[in-house]
Amino acid sequence: MLIRTPEQDISRVLFTEKTIAARVEQLGAELTEKLGGKRPVLVCVLKGASFFYIDLCRSMNCNIDMDFIAVSSYGAGAKSTGVVRLIKDLDNNITGRHVVIVEDIIDSGLTMQYLKQLFSARNPASVTTISFLDKTARHDPSLKTDYCGFEIPDEFVVGYGLDYANYYRNLPYIGILKPECYK
Ligand code: PRP
């Protein structure tokens, strides 16, 4: 039987495994420098941020707490519905804590804006935002995160946690999806 592999749907690799690993190490060191003595709570925004989150946590040389939230605004489509749906909330109270929201990508910026508002209402000591990728041309500059792995053009990217209709998340690199695969 012929198996169709995810690689066949990729037109170009944007960031290799090696490039990703090096950048995540840098980001982990920067976050450690900023929050190392404060035992920050790193929040993974499921599911897209999962790979980045785990690598980032491993690259931090300090005590941290891990927590997970699940939201969705894209469903199975390629376009945001414009409404962020909370699927699973945090397990722990973040009042008085230093919170780091870890995202895979800022596209319209809607999800991060929603999460910042949600968490700020819980009176944390601070909220820091980090995204592995940022499509800067797609949103207002005021929605930029505090830390960013790479700014990218407005291309449909998948892999390293990012999906289209739940496919491609397990690709170990960031690749550009062939238009015929999502249009
Ligand atoms: C994706 C991605 C971000 C968000 C970014 O999540 O993981 O959370 O969209 O888009 P925005 O800046 O336009 O809000 P999605 O809703 O597809 O859920 P998933 O992480 O489970 O794939």
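Atoms within each ligand, like the ligands themselves, are counted from 1 in listed order. Any value given below was found using the heavy atoms of this structure, including those in side chains, with hydrogens, waters and symmetry copies removed.
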- [ ] Indicate, with yes or no, if the rings of Phe132 and Phe51 have centres closer together than 6.0 Å.
- [x]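 For Phe132 and Phe51, the ring centres are not under 6.0 Å apart.
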
TODO: Assess the pair Tyr173 and Tyr160: is the distance between their ring centroids shorter than 6.0 Å?
DONE: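 Ring centres of Tyr160 and Tyr173 not closer than 6.0 Å.
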
Which of the ligand 1 atoms, numbered from 1, are nearer than 4.0 Å to a heavy atom of [X]:
| X | result |
| --- | --- |
| Gly109 | 11 (P), 12 (O), 13 (O) |
| Ile105 | 2 (C), 3 (C), 5 (C) |
| Val71 | 18 (O) |
| Ser72 | 16 (O) |
| Lys47 | 19 (P), 20 (O), 21 (O) |
| Leu46 | 20 (O), 21 (O) |
| Asp163 | 22 (O) |

Open item on the list: Given Ser50, Cys44, Ser73, Ser131, identify the one with the heavy atom nearest to atom 16 (O) of ligand 1.
Closed with: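 Shortest heavy-atom distance from atom 16 (O) of ligand 1: Ser73.
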
TODO: Can you figure out which of Ala70, Ser108, Ala49 has its heavy atom closest to atom 13 (O) of ligand 1?
DONE: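 The residue whose heavy atom sits nearest atom 13 (O) of ligand 1 is Ser108.
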
State whether a side-chain donor-acceptor pair under 3.5 Å links [X] with [Y].
| X | Y | answer |
| --- | --- | --- |
| Thr95 | Asn93 | yes |
| Lys116 | Thr129 | no |
| Asp9 | Tyr164 | no |

Open item on the list: Check this for me: Asp89, atom CG, are more than 12 non-hydrogen atoms of other residues, nucleotides or ligands nearer than 6.0 Å?
Closed with: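 For Asp89, atom CG is crowded (more than 12 foreign heavy atoms under 6.0 Å).
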
Task: Test side-chain hydrogen bond (donor to acceptor under 3.5 Å, both in side chains) applied to Arg138 - qualifying residues, sequence neighbours left out - done: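 Scan of Arg138 (side-chain hydrogen bond (donor to acceptor under 3.5 Å, both in side chains), adjacent residues dropped) gives Asp107.
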
With heavy atoms only and a cut-off of under 4.0 Å, state how [X] meets ligand 1: side chain, backbone, both or neither.
| X | answer |
| --- | --- |
| Val84 | neither |
| Glu103 | side chain |
| Asp107 | both |

TODO: Please confirm whether Arg169 comes under 4.0 Å of ligand 1, counting heavy atoms of the residue only.
DONE: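 A heavy atom of Arg169 does come that close to ligand 1.
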
Task: Residues in side-chain contact (heavy atoms from CB on, under 4.5 Å) contact with Glu25, at least two apart in sequence or another chain - done: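 Result, side-chain contact (heavy atoms from CB on, under 4.5 Å) vs Glu25: Ser59.
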
TODO: Would you check the N or O atoms of Ile106, main chain and side chain alike, for any that come under 3.5 Å of an N or O of ligand 1?
DONE: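 Checking ligand 1 against Ile106, no N or O pair falls under 3.5 Å apart.
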
Task: Partner of Ile10 by side-chain contact (heavy atoms from CB on, under 4.5 Å), out of Thr5, Leu171, Val157 - done: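 Only match with Ile10 under side-chain contact (heavy atoms from CB on, under 4.5 Å): Leu171.
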
